[in-house]
Amino acid sequence: MLTYSIIALILVSLSLFMLNFRKESQWRKNNGETFGFLLSLISTFIGLFIALSVNTFLDNINQKNNLIKLLNTTNLAIENCQMKTKGMYLNTASSGVNLTEILKKTPVELPKLYPQLETNNMVNDYFSPNAFQAYIVCIDNMGTFVKNLNNADQDNNGTKIEVLNSYLKYLEFAKSINNLEIERLDGKIDEAQETASLKKIVDQFTTSK
């Protein structure tokens, strides 16, 4: 968008220069048609680049709004995963039931949509670098927890509960990252503010582990 705007401004400046350069010169009088054609051509390009700039601007807004909708939907999936982890696994384990059989019948899953964010074009285009790095840390660790839980036949309930609690913390961390990105994309905070907030969350998360 910025490139198109700059080109349009250069062309506007050029047309103004041409209009005011040697108005009474003999050359302009003798080549009036050529001069008029050049101005008309420049004006056409000015309109073209302004249109491209506006379209790019509107497309960026639309893409950001679509990404916000996707992140909100992903947050709902994360919350469903949190409720399932607490209800189906942790509450069941607290009543003395062995988790091994439950995990065999109903394996732990990653939140729907969340793993696909890594390859989503909107995420690649509009996520801030720090938020995307935090996302990668989240999805990698969450994937490890899910794999370990579903393959840990010999682990006792206590070990599984520890892993489930760690998984819950990462789910909350993931939702926090999404919420910060939603605020930034919505214009409520800038990237510097997001980075500062993200650092606080990471510090709190690291301390509580």
Side-chain angles (χ1 to χ4, degrees), residues 1-6 8 48-91 106-147 149-150 164-206 208-209:
M1 181 185 72
L2 182 60
T3 302
Y4 296 141
S5 299
I6 290 172
L48 172 64
F49 284 110
I50 288 176
L52 288 171
S53 179
V54 171
N55 286 338
T56 303
F57 175 74
L58 293 176
D59 185 59
N60 283 340
I61 292 176
N62 186 52
Q63 291 281 21
K64 287 180 179 179
N65 286 336
N66 287 339
L67 180 53
I68 288 173
K69 291 177 184 177
L70 174 60
L71 293 177
N72 280 322
T73 303
T74 307
N75 276 349
L76 291 176
I78 291 172
E79 289 169 3
N80 286 335
C81 197
Q82 287 174 312
M83 287 188 289
K84 181 179 178 181
T85 302
K86 291 175 183 176
M88 185 174 292
Y89 306 117
L90 290 175
N91 289 347
T106 313
V108 179
E109 296 178 342
L110 290 168
K112 296 186 184 301
L113 298 177
Y114 193 69
Q116 285 74 42
L117 291 181
E118 184 175 358
T119 55
N120 186 282
N121 289 333
M122 291 186 297
V123 171
N124 290 327
D125 289 341
Y126 296 106
F127 245 54
S128 72
N130 287 326
F132 189 74
Q133 185 178 9
Y135 161 78
I136 294 298
V137 171
C138 263
I139 192 64
D140 285 349
N141 281 282
M142 282 160 45
T144 300
F145 291 140
V146 168
K147 182 179 179 181
L149 284 165
N150 293 334
L164 284 165
N165 281 321
S166 295
Y167 183 47
L168 277 175
K169 288 180 181 179
Y170 271 91
L171 287 170
E172 189 61 35
F173 186 32
K175 194 165 65 171
S176 297
I177 296 168
N178 280 357
N179 286 334
L180 282 174
E181 272 299 278
I182 289 169
E183 286 188 61
R184 185 185 64 81
L185 291 166
D186 206 25
K188 295 178 180 177
I189 60 173
D190 58 27
E191 189 169 337
Q193 291 172 314
E194 181 196 43
T195 300
S197 297
L198 188 60
K199 185 179 183 304
K200 288 180 182 178
I201 292 171
V202 172
D203 290 343
Q204 292 170 356
F205 179 76
T206 304
S208 65
K209 286 174 65 174

Exercise. What residues, two or more places apart in sequence or in another chain, satisfy side-chain contact (heavy atoms from CB on, under 4.5 Å) together with Asn165?
Worked result: Leu90, Ile161, Leu168

Problem set entry | Residue Glu79 excluded, over 12 heavy atoms near CD under 6.0 Å | yes

Seminar exercise, completed: Between the CD atom in Gln82 and the CG atom in Asn75, the distance rounded to the nearest 0.5 Å is 9.0 Å

For this session: Check step by step if side-chain contact (heavy atoms from CB on, under 4.5 Å) holds for Val202 and Phe173.
Result: CA-CA 8 Å; Val202 172; Phe173 186 32; 3.7 Å; yes

Exercise. Any donor and acceptor pair, going by atom type alone, linking the side chain of Tyr135 with main-chain N or O of Asn178 inside 3.5 Å?
Worked result: no

For this session: Would you please name every residue forming a side-chain contact (heavy atoms from CB on, under 4.5 Å) with Thr195, sequence neighbours left out?
Result: Asn130, Glu191

Problem set entry | Any Leu67 side-chain heavy atom under 4.5 Å of Phe127 side chain | yes

Problem set entry | Closest non-hydrogen atom pair between Leu70 and Met122, with its separation | CD2-CE, 4.2 Å

For this session: Hey, could you give me the CG/OG1 distance between Leu149 and Thr144, rounded to the nearest 0.5 Å?
Result: 11.0 Å

Problem set entry | Closest approach of Ala174 to Ile78 (non-hydrogen atoms, all atoms of both residues) | CB-CD1, 3.9 Å

Problem set entry | Nearest non-hydrogen partners of Leu113 and Thr74, listed with the distance | CB-OG1, 4.1 Å

Exercise. Less than 4.5 Å apart, any side-chain heavy atom of Cys138 and any of Tyr114?
Worked result: yes

Exercise. So how far is it from Leu180 CG to Ile189 CD1, rounded to the nearest 0.5 Å?
Worked result: 5.0 Å

For this session: Begin with the C-alpha distance, continue with both residues' side-chain angles, and end with the deciding distance and a verdict on side-chain contact (heavy atoms from CB on, under 4.5 Å) for Leu117 and Phe132.
Result: CA-CA 9 Å; Leu117 291 181; Phe132 189 74; over 6 Å; no

Exercise. Any donor-acceptor pair under 3.5 Å linking the side chain of Asp190 with the backbone of Ala192?
Worked result: yes

Exercise. Going by heavy atoms in the side chains, are Asp125 and Gln63 under 4.5 Å from each other?
Worked result: no

For this session: Taking the side chain as every heavy atom from C-beta outward, state whether Leu110 and Ile139 have any atom pair closer than 4.5 Å.
Result: yes

For this session: Measure the CG-CG distance between Asn120 and Leu71 for me, rounded to the nearest 0.5 Å.
Result: 9.0 Å

Problem set entry | Rounded distance [0.5 Å steps], CG in Leu171 versus CG in Leu164 | 10.0 Å

Seminar exercise, completed: Separation between NZ (Lys169) and CD (Glu172), nearest 0.5 Å, reads 12.0 Å

For this session: Walk me through it: do Glu181 and Arg184 pass the test salt bridge (Lys or Arg N to Asp or Glu O under 4.0 Å)?
Result: CA-CA 5 Å; Glu181 272 299 278; Arg184 185 185 64 81; 3.0 Å; yes

Exercise. Below 4.5 Å, heavy atoms only, C-beta onward: do Met83 and Asn80 meet side chain to side chain?
Worked result: yes

Exercise. Sub-3.5 Å donor-acceptor pair from the side chain of Asn141 to the main-chain atoms of Val137, do we have one?
Worked result: yes

For this session: Would you please test Lys84 and Thr106 for side-chain contact (heavy atoms from CB on, under 4.5 Å) and show each step?
Result: CA-CA 11 Å; Lys84 181 179 178 181; Thr106 313; 3.9 Å; yes

